[in-house]
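I have placed the structure first, in the form of structure tokens, so that the comments after it can refer back to it.
Any value given below was found using the heavy atoms of this structure, including those in side chains, with hydrogens, waters and symmetry copies removed.
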Amino acid sequence: MIKTNLFSGHTYVKTGNVLTSDTGYTFNRVGDSYFGQNGEIIQKQGNDWVNLHTGVRSSFGDPFMEDDDD
């Protein structure tokens, strides 16, 4: 499956339990969470995905976008 995030413009490809962005950044899905290669945790909360580090929710941003502060 291929999706483009409307907020960031980044494209994501999902293959099995792996989500890869157009920048090459990868997330692995385990249960209701995705774990990024730098320790990020994106968790399903209701209808949204929430980045537990940045607080960005999928209803108003791109929780999978790389954090420039790291």
Side-chain angles (χ1 to χ4, degrees):
M1 171 174 60
I2 299 173
K3 283 190 166 187
T4 299
N5 186 280
L6 297 175
F7 298 103
S8 69
H10 286 291
T11 301
Y12 297 92
V13 177
K14 183 179 176 191
T15 307
N17 289 328
V18 177
L19 185 70
T20 305
S21 77
D22 55 6
T23 63
Y25 205 74
T26 61
F27 292 87
N28 293 301
R29 185 170 184 173
V30 178
D32 284 341
S33 298
Y34 278 97
F35 296 88
Q37 59 195 51
N38 289 330
E40 302 89 341
I41 300 172
I42 315 300
Q43 190 174 67
K44 184 75 168 173
Q45 294 181 359
N47 292 328
D48 287 341
W49 288 100
V50 179
N51 184 314
L52 299 182
H53 176 70
T54 63
V56 175
R57 301 180 75 81
S58 57
S59 59
F60 64 80
D62 184 352
F64 295 94
M65 194 165 77
E66 296 168 55
D67 184 11
D68 292 334
D69 293 339
D70 290 340

### Message
So, using side-chain hydrogen bond (donor to acceptor under 3.5 Å, both in side chains) as the criterion, who are the partners of T26 when residues are at least two apart?
### Response
Q37
### Task
State yes or no: do L52 and F35 share one hydrophobic cluster built from I, L, V, M, F, W and Y residues joined by side-chain heavy-atom distances below 4.5 Å, directly or via other members?
yes
### Task
Measure across T23 and S21 and return the closest heavy-atom pair with its distance rounded to 0.1 Å.
OG1-OG, 2.6 Å
### Task
Considering only Ile, Leu, Val, Met, Phe, Trp and Tyr, and joining two whenever side-chain heavy atoms are under 4.5 Å apart, list the other residues clustered with V13.
I2
### Query
Heavy-atom distance under 4.5 Å between the side chains of M65 and V56, does that happen here?
no
### Query
Side chains of T11 and T4: closer than 4.5 Å at any heavy-atom pair?
yes
### Side chains of L19 and R29 in contact at under 4.5 Å (non-hydrogen atoms)
no
### Message
Just to verify, what does F27 make a ring-ring contact (aromatic ring centres under 6.0 Å, His included) with, not counting sequence neighbours?
### Response
Y25, F64
### Inter-residue atom distance Y34.OH - I41.CD1, 0.5 Å rounding
14.5 Å
### Spatial distance of atom OG1 (T15) from atom CE (M1) [nearest 0.5 Å]
9.5 Å
### Message
Show every salt bridge (charged side-chain N to carboxylate O under 4.0 Å, His left out) that has at least one partner inside residues 16-28, sequence neighbours left out.
### Response
none
### Task
Heavy atoms only: give me the nearest G61-N5 pair and the separation to one decimal.
O-ND2, 3.9 Å
### From S33 atom OG to Q45 atom CD, the distance as rounded to the nearest 0.5 Å
9.0 Å
### Query
Using a side-chain heavy atom cutoff under 4.5 Å and only I, L, V, M, F, W and Y, what cluster partners does F7 have?
none
### Task
Would you mind listing every salt bridge (charged side-chain N to carboxylate O under 4.0 Å, His left out) that reaches into residues 42-54, with sequence neighbours excluded?
D48-R57
### Query
What's the shortest heavy-atom distance between D32 and W49, and which atoms?
O-CZ3, 3.5 Å
### Summary
Here the gap from S58 atom OG to L6 atom CG, rounded to the nearest 0.5 Å, amounts to 11.0 Å
